[in-house]
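The block underneath contains the structure these notes are about, expressed in structure tokens.
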Amino acid sequence: AAATAITTAFAGIVHTQESPQGAAASAGLSLKHASGAQPESCCICGSGASGGVVCSEKEHRTCSECITPYVQQQMECDELDPKLAQQRGGKLCCPHNNRLCACRGWLSERELASELTDAL
């Protein structure tokens with residue numbers, strides 16, 4: 001059930017560019033990190049779990065549980081519209097790079113490689 005809710009939240013963020021807080025609320029999740037939270041909490045699910053990937057701006061962490069579904073969603077979007085990946089220079093942007101929170105951070109390829117499963 002939690003995995004389904006997280007996937008629904010990702011869909012809201014990626015496909016509609018809804019804010020992570022709004023997408024999570026729509027999916028029945030609660031983000032504990034709203035305004036002023038520590039970057040140690042996940043910017044998608046709000047967990048304080050260690051690990052994960054921190055964006056290049058050092059402001060947002062995506063936890064180990066959320067990073068694989070986030071990357072999968074981004075890959076699906078890139079398949080639907082390859083120009084998106086070209087516009088980003090092939091980089092994966094921070095989940096907070098959307099209409100409501102314009103973080104300009106990127107996710108490090110090295111950190112992603114250490115967190116992602118072989119299935120990707």
Side-chain angles (χ1 to χ4, degrees):
T4 302
I6 290 171
T7 300
T8 302
F10 284 123
I13 294 167
V14 174
H15 295 296
T16 65
Q17 293 192 340
E18 184 176 5
S19 74
Q21 291 84 359
S26 298
L29 298 172
S30 173
L31 294 184
K32 300 171 188 162
H33 69 284
S35 72
Q38 298 293 327
E40 290 84 22
S41 63
C42 177
C43 67
I44 294 173
C45 72
S47 77
S50 61
V53 178
V54 177
C55 77
S56 61
E57 295 293 314
K58 306 292 185 212
E59 294 195 21
H60 305 109
R61 174 181 299 279
T62 305
C63 75
S64 297
E65 271 190 60
C66 292
I67 194 63
T68 297
Y70 176 70
V71 171
Q72 288 172 327
Q73 287 284 338
Q74 290 294 305
M75 290 171 60
E76 289 172 13
C77 287
D78 291 350
E79 287 177 16
L80 293 173
D81 187 356
K83 290 181 183 178
L84 292 174
Q86 290 174 338
Q87 290 172 350
R88 293 191 319 266
K91 295 179 180 178
L92 189 63
C93 60
C94 174
H96 274 257
N97 184 343
N98 57 54
R99 292 185 297 183
L100 300 175
C101 182
C103 177
R104 299 206 182 273
W106 301 97
L107 303 182
S108 158
E109 289 180 24
R110 187 177 68 174
E111 286 187 49
L112 285 169
S114 70
E115 290 292 331
L116 297 175
T117 64
D118 292 333
L120 292 175

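Along the sequence shown, the residues carry numbers beginning at 1. Just so we're clear, the structure is a prediction, and the values are computed from it rather than from any experiment.
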As an exercise, state the distance from [atom1] of [X] to [atom2] of [Y], rounded to the nearest 0.5 Å.
| X | Y | atom1 | atom2 | value |
| --- | --- | --- | --- | --- |
| Glu109 | Leu92 | CD | CG | 9.5 Å |
| Gln72 | Ile67 | CD | CD1 | 10.5 Å |
| Tyr70 | Cys43 | OH | SG | 8.0 Å |
| Glu115 | Ser108 | CD | OG | 10.5 Å |

Same apolar cluster (I L V M F W Y, side chains within < 4.5 Å links), Trp106/Leu112: no
Between Glu111 and Val54, is there a donor-acceptor pair closer than 3.5 Å when you use the side chain of the first and the backbone of the second?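 Pair found, side chain donor or acceptor close to backbone of Val54.
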For residues 81-88, run the donor-acceptor check on the side chains, cut-off 3.5 Å, and write out each pair with its distance to 0.1 Å, sequence neighbours left out.
unit_1	atom_1	unit_2	atom_2	d
Asp81	OD1	Lys83	N	3.3
Arg88	NE	Lys91	O	2.7
Arg88	NH1	Asp78	OD1	3.1
Arg88	NH2	Asp78	OD1	3.3
Arg88	NH2	Asp78	OD2	2.8

Determine the minimum heavy-atom distance between [X] and [Y], stating which atoms define it.
| X | Y | answer |
| --- | --- | --- |
| Ser64 | Gly51 | OG-C, 3.9 Å |
| Ser41 | Gly46 | CB-O, 3.9 Å |
| Cys94 | Leu107 | CA-CD2, 4.2 Å |

For Glu57, all residues meeting side-chain contact (heavy atoms from CB on, under 4.5 Å), sequence neighbours excluded: Cys55, Glu59, Cys103
